[in-house]
K.L.:
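Here you go, one structure.
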Amino acid sequence: MSHRLTIIALGLGLLASPIGLATWTNAAAEETKSILDQKTYLLRYKLTAGETIGYEVTHVAKTKTRIVGQEDVSQVHTVSQRHWDVQAPTPSGDMQFDHIVDSVEMTQQQGDKDEIRWDSRTGEDPPREFRGIAEQMGTKLATLTINARGEEIAREDHGGTKASLGMGTLTLTLPADAIAIGASWSVPREAKARNEAGEVIPIKIRELYTLEKVQTGVATIRIKSEPLTPIDGESIRAQVVQQLSNGQLRFDVDNGRMLSKQLDWDETVVGFQGANSMLEYRSRMTETLVESAPRTAKKP
């Protein structure tokens with residue numbers, strides 16, 4: 001090595017010690033990683049007219065209340081098969097689909113009462129508690145028009161229900177622009193609660209989404225609900241906590257649709273109806289894309 005090259009090498013620390021070489025290599029790797037991390041991803045829905053997109057939705061919940069020393073426990077377990085029938089796009093290019101529930105398997109238990117079960121696929125008459133749900137099997141619950149970001153442009157409800165899946169809408173509202181890993185975006189929402197006077201109180205909520213990672217074309221997104229309206233009183237809080245969304249979603253970047261969603265609730269509210277009252281709410285809702293064609297149950 002020439003004298004000049006030796007000076008350059010010493011200046012870089014490459015000849016001084018192996019540690020200097022390792023430090024330089026690590027720094028280069030970190031710089032490369034930083035550049036890669038700045039890659040952005042455009043998240044958009046891509047629904048094709050005539051296709052059927054099916055989902056299996058499972059909801060498990062346990063609610064325990066204690067008021068004046070009396071404890072009550074209720075549990076529900078529901079598994080439903082539902083799908084979207086994608087229609088022709090609107091003249092403006094927005095996407096349209098019909099939301100249909102094909103079948104449902106339900107279990108409900110209140111306190112010490114006998115467990116109530118019903119599976120719509122058996123063709124048996126439903127218990128009185130499930131008749132309203134039975135009437136919705138195989139019918140269009142809603143027709144939605146959305147843009148590529150998943151925002152609802154129009155909605156027509158047919159089944160007497162908003163038919164939401166725990167997040168206020170059937171679709172995920174995506175960010176306006178391409179985003180990098182670690183970036184967040186928010187969507188406003190409003191929940192309802194009733195105060196002690198019986199008045200309906202609007203509670204403003206911000207749904208905060210964060211893009212955690214993108215691997216093999218699948219974006220993993222974290223969601224956390226943040227109430228913006230001050231919650232005055234534990235009775236209001238007891239109603240609101242069951243309307244918050246906290247969990248994780250997986251979105252197919254290439255095909256433009258949600259692959260899965262998991263929302264969890266683990267809440268305890270003390271004093272919602274007096275000093276010695278308590279509410280415990282434990283719940284999980286999962287939604288998973290299914291490949292098989294839906295099996296629509298007939299109305300009993």
Side-chain angles (χ1 to χ4, degrees), residues 43-59 78-104 106 120 126 130-176 186-193 200 202-205 207 209 223 225 242-245 249 251-252 255-261 263 285-290 293-300:
L43 308 179
R44 292 292 183 265
Y45 275 92
K46 303 170 187 176
L47 309 183
T48 303
E51 72 173 330
T52 298
I53 304 174
Y55 288 96
E56 179 176 277
V57 182
T58 301
H59 180 225
T78 304
V79 180
S80 63
Q81 306 289 335
R82 52 189 72 189
H83 73 275
W84 299 355
D85 278 339
V86 184
Q87 309 300 317
T90 65
S92 60
D94 293 322
M95 293 165 277
Q96 281 189 318
F97 64 88
D98 294 327
H99 176 223
I100 300 169
V101 175
D102 305 291
S103 67
V104 63
M106 304 185 69
S120 65
F130 299 153
R131 287 175 187 168
I133 296 173
E135 293 176 354
Q136 299 177 356
M137 293 298 100
T139 65
K140 288 193 298 184
L141 294 185
T143 299
L144 280 78
T145 302
I146 65 171
N147 61 19
R149 289 183 58 203
E151 296 176 307
E152 286 188 11
I153 306 301
R155 178 176 188 145
E156 182 181 0
D157 290 307
H158 309 294
T161 174
K162 290 297 182 181
S164 67
L165 300 183
M167 289 175 57
T169 60
L170 289 171
T171 54
L172 164 68
T173 300
L174 301 167
S186 63
V187 178
R189 182 166 67 85
E190 190 174 88
K192 302 290 186 182
V200 176
I203 306 294
K204 295 186 181 300
I205 294 174
E207 306 284 14
Y209 300 93
I223 174 176
S225 296
Q242 300 179 51
Q243 303 182 56
L244 304 180
S245 302
L249 305 97
F251 189 83
D252 188 331
N255 295 307
R257 63 205 57 193
M258 190 175 66
L259 295 174
S260 66
K261 172 171 63 180
L263 302 178
M285 194 279 289
T286 60
E287 181 178 1
T288 306
L289 181 71
V290 294
R295 296 181 296 169
T296 302
K298 296 181 180 180
K299 291 183 182 180

K.L.:
Test side-chain contact (heavy atoms from CB on, under 4.5 Å) on T52 and H83 and set out the steps.
P.N.:
CA-CA 7 Å; T52 298; H83 73 275; 3.6 Å; yes
K.L.:
Can you name the closest pair of heavy atoms from G54 and L289 and give their distance?
P.N.:
O-CD1, 3.3 Å
K.L.:
Are side-chain heavy atoms of Y209 and L174 found at a separation under 4.5 Å?
P.N.:
no
K.L.:
Taking the side chain as everything from C-beta on, heavy atoms only, tell me whether H99 gets closer than 4.5 Å to K140.
P.N.:
no
K.L.:
What is the minimum heavy-atom distance between R44 and P175, and which atoms define it?
P.N.:
NH1-O, 2.9 Å
K.L.:
Quick one: OG on S80 to CD on Q136, what's the gap to the nearest 0.5 Å?
P.N.:
11.0 Å
K.L.:
Could you state the interatomic distance from CD1 (I205) to CD (Q243), rounded to the nearest 0.5 Å?
P.N.:
6.5 Å
K.L.:
Hey, does the side chain of R257 reach the backbone of N255 with a donor-acceptor pair shorter than 3.5 angstrom?
P.N.:
yes
K.L.:
How long is the straight-line distance from CD of E56 back to CD of E287, given to the nearest 0.5 Å?
P.N.:
10.5 Å
K.L.:
Would you say the side chains of E151 and T173 form a donor-acceptor pair under 3.5 Å?
P.N.:
no
K.L.:
Rounded to the nearest 0.5 Å, what separation is found between the CG atom of L144 and the CG atom of D157?
P.N.:
7.5 Å
K.L.:
Are the side chains of T171 and F97 in contact, using a 4.5 Å heavy-atom criterion?
P.N.:
yes
K.L.:
For M285 and H59, which heavy atoms make the closest approach, and how far apart are they?
P.N.:
CB-CD2, 4.1 Å
K.L.:
Do Y55 and M258 come within less than 4.5 Å of each other through their side chains, counting heavy atoms only?
P.N.:
yes
K.L.:
Side-chain contact, heavy-atom cut-off 4.5 Å: T139 with H158?
P.N.:
no
K.L.:
Under the side-chain contact (heavy atoms from CB on, under 4.5 Å) rule, collect the residues that match up with I133, sequence neighbours excluded.
P.N.:
V104, M106, M137
K.L.:
Answer yes or no: is there a side-chain heavy-atom contact under 4.5 Å between S260 and T286?
P.N.:
no
K.L.:
Out of curiosity, N147 CG to D94 CG, how far, rounded to the nearest 0.5 Å?
P.N.:
6.0 Å
K.L.:
What closest approach, in Å, do A88 and Q96 show between heavy atoms, and which atom pair accounts for it?
P.N.:
O-OE1, 3.6 Å
K.L.:
Between I146 and L47, is any pair of side-chain heavy atoms under 4.5 Å apart?
P.N.:
yes
K.L.:
Between I100 and G138, which heavy-atom pair has the shortest distance, and what is it?
P.N.:
CG2-C, 4.0 Å
K.L.:
Counting only heavy atoms not in K46 (residues, nucleotides, ligands), do more than 12 fall under 6.0 Å from its NZ?
P.N.:
yes
K.L.:
State, to 0.1 Å, how close S225 and R189 come at their nearest heavy-atom pair, and which atoms those are.
P.N.:
OG-NH2, 3.9 Å
K.L.:
So do V86 and M95 actually touch side chain to side chain, heavy atoms under 4.5 Å?
P.N.:
no
K.L.:
Could you give the distance from NZ (K261) to CG (L172), rounded to the nearest 0.5 Å?
P.N.:
8.0 Å
